[in-house]
Asker: 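One structure is given below, represented as structure tokens, and several questions about it will come after.
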Amino acid sequence: MSDFLLVDIQLPADVSPDEPPLSHRLGIEAEQLTWFGRAGEPVRADFLGDRAGFVVPTVDGNRIAHLHALVTERHLITVHRGAAPLLDSLTGQLGQERPSDTVAVMFLLLQEALETFRRAAIHDLQLVEDLEDDMFEKRRPEQVYRLAQLRRRAALLHHSLLRYLVRP
């Protein structure tokens with residue numbers, strides 16, 4: 001895949017009402033991807049023959065971010081609002097794996113997105129374990145509050161991935 005092109009577009013967090021759709025600016029609106037880059041777009045996967053478009057949830061710090069991706073045999077275009085840390089690891093994976101087709105690129109992208117959830121879950125589990133150890137020694141009200149925050153975060157991680165697991 002030496003001629004494979006990776007294009008990453010970081011959009012501002014605020015959406016201007018008079019901003020033309022990104023799909024129009026990229027010239028891909030005719031490819032059934034009018035949703036591409038649109039703010040607030042739900043998780044999705046559109047398979048269009050030799051190309052595929054996705055909106056993939058990822059964990060970025062304390063928030064769930066949505067990465068839009070268009071993958072073909074020759075390129076991967078990613079669009080996000082704000083930072084997208086998973087792209088650094090994805091770029092590394094593309095260099096190591098050298099995927100041979102669109103499907104392989106898609107799976108590497110999904111693998112990296114799921115990895116952000118795994119890392120966040122492990123980090124939070126370690127925080128819960130440390131907090132519980134401290135609570136056994138001496139319980140304080142702020143610890144109970146922090147434990148409740150971590151439970152809400154676990155629910156957020158779960159509900160963000162649930163859309164992938166529920167069949168229509």
Side-chain angles (χ1 to χ4, degrees), residues 1-124 153-168:
M1 278 190 116
S2 60
D3 58 351
F4 190 78
L5 177 65
L6 173 61
V7 177
D8 179 49
I9 302 168
Q10 181 173 341
L11 298 174
D14 297 330
V15 181
S16 171
D18 59 338
E19 180 179 284
L22 183 63
S23 59
H24 176 70
R25 291 184 282 167
L26 292 173
I28 60 172
E29 71 272 33
E31 298 185 39
Q32 302 171 353
L33 296 167
T34 55
W35 55 264
F36 191 73
R38 191 167 49 203
E41 193 63 32
V43 171
R44 67 185 307 146
D46 290 346
F47 299 96
L48 307 165
D50 65 342
R51 61 197 61 229
F54 304 92
V55 178
V56 179
T58 65
V59 179
D60 180 24
N62 287 327
R63 71 183 183 98
I64 304 297
H66 288 87
L67 178 78
H68 292 221
L70 172 63
V71 62
T72 72
E73 296 288 336
R74 308 241 352 182
H75 63 268
L76 170 63
I77 301 172
T78 58
V79 178
H80 49 94
R81 296 186 183 275
L86 89 114
L87 291 176
D88 291 335
S89 57
L90 177 62
T91 303
Q93 285 286 20
L94 289 171
Q96 288 175 349
E97 301 284 333
R98 300 200 179 277
S100 59
D101 58 23
T102 306
V103 174
V105 173
M106 174 196 71
F107 276 110
L108 284 175
L109 172 66
L110 294 175
Q111 174 184 321
E112 291 303 315
L114 287 172
E115 180 64 20
T116 66
F117 281 87
R118 188 189 71 76
R119 282 193 303 266
I122 288 172
H123 176 264
D124 289 356
R153 176 155 162 90
L156 174 67
L157 293 173
H158 172 75
H159 289 290
S160 296
L161 284 178
L162 192 59
R163 293 179 208 147
Y164 278 117
L165 303 173
V166 175
R167 301 203 195 305

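Keep in mind that what you see is a predicted model, and the values were worked out from it rather than measured.
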Asker: Do Leu108 and Glu112 have side chains that approach each other closer than 4.5 Å (heavy atoms only, starting at C-beta)?
Answerer: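 They are not in side-chain contact.
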Asker: As an exercise, state the distance from CG of Leu33 to CG of Leu26, rounded to the nearest 0.5 Å.
Answerer: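 One gets 10.0 Å once the value is rounded to the nearest 0.5 Å.
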Asker: Looking at CG of Leu109 and CG of Leu114, how far apart are the two atoms once the value is rounded to the nearest 0.5 Å?
Answerer: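 Here the rounded value is 9.5 Å.
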Asker: Search all heavy atoms of Asp124 against all heavy atoms of Arg153 and return the closest pair with its distance.
Answerer: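 Shortest heavy-atom contact: OD2-NE, 2.5 Å.
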Asker: Just to verify, what does Phe47 make a ring pair (Phe, Tyr, Trp, His ring centres under 6.0 Å) with, not counting sequence neighbours?
Answerer: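 Applying ring pair (Phe, Tyr, Trp, His ring centres under 6.0 Å) to Phe47 gives Phe54.
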Asker: Of all heavy-atom pairs between Ala113 and Pro57, which one has the smallest distance, and what is that distance?
Answerer: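 Nearest pair, atom of Ala113 first, then Pro57: CB-O, 3.7 Å.
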Asker: Do Phe117 and Ile64 make a side-chain contact, defined as non-hydrogen atoms from C-beta onward lying under 4.5 Å apart?
Answerer: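 A side-chain contact exists here, since the closest heavy-atom pair is under 4.5 Å.
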Asker: Would you name the heavy atoms of Leu11 and Gly37 that are closest together and state the gap between them?
Answerer: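 Taking every non-hydrogen atom into account, CD1-O, 3.8 Å.
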Asker: I'd like to check Arg44 versus Val56 (side-chain heavy atoms, cut-off strictly below 4.5 Å). Are they in contact?
Answerer: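 They are not in contact (no side-chain heavy atoms under 4.5 Å apart), so the answer is no.
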Asker: Could you give the distance from NE2 (His68) to CZ (Arg81), rounded to the nearest 0.5 Å?
Answerer: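 It is 7.5 Å, given to the nearest 0.5 Å.
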Asker: For His75, enumerate each residue passing the side-chain contact (heavy atoms from CB on, under 4.5 Å) test, keeping only those at least two apart in sequence or located in another chain.
Answerer: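 Partners of His75 by the side-chain contact (heavy atoms from CB on, under 4.5 Å) criterion, ordered by chain and then number, come out as Leu5, Leu70, Thr72, Ile77.
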Asker: Go through the steps to decide whether Val43 and His66 satisfy the test side chain to side chain contact (heavy atoms under 4.5 Å, CB included), and finish with yes or no.
Answerer: CA-CA 8 Å; Val43 171; His66 288 87; 3.9 Å; yes
Asker: Which residues pass the side-chain contact (heavy atoms from CB on, under 4.5 Å) test with Asp8, sequence neighbours left out?
Answerer: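 Asp8 satisfies side-chain contact (heavy atoms from CB on, under 4.5 Å) with Thr78, His80, Leu87 once adjacent residues are dropped.
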Asker: As an exercise, state the distance from CZ of Arg119 to OG1 of Thr116, rounded to the nearest 0.5 Å.
Answerer: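 The distance works out to 6.5 Å.
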Asker: Would you check, one step at a time, whether the test side chain to side chain contact (heavy atoms under 4.5 Å, CB included) holds for Trp35 with Val55?
Answerer: CA-CA 9 Å; Trp35 55 264; Val55 178; 3.3 Å; yes
Asker: Provide the closest heavy-atom pair for Ala120 versus Val59 in the form atom of the first, atom of the second, distance.
Answerer: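 Looking at all heavy atoms of both residues, the shortest contact is CB-CG1, 3.7 Å.
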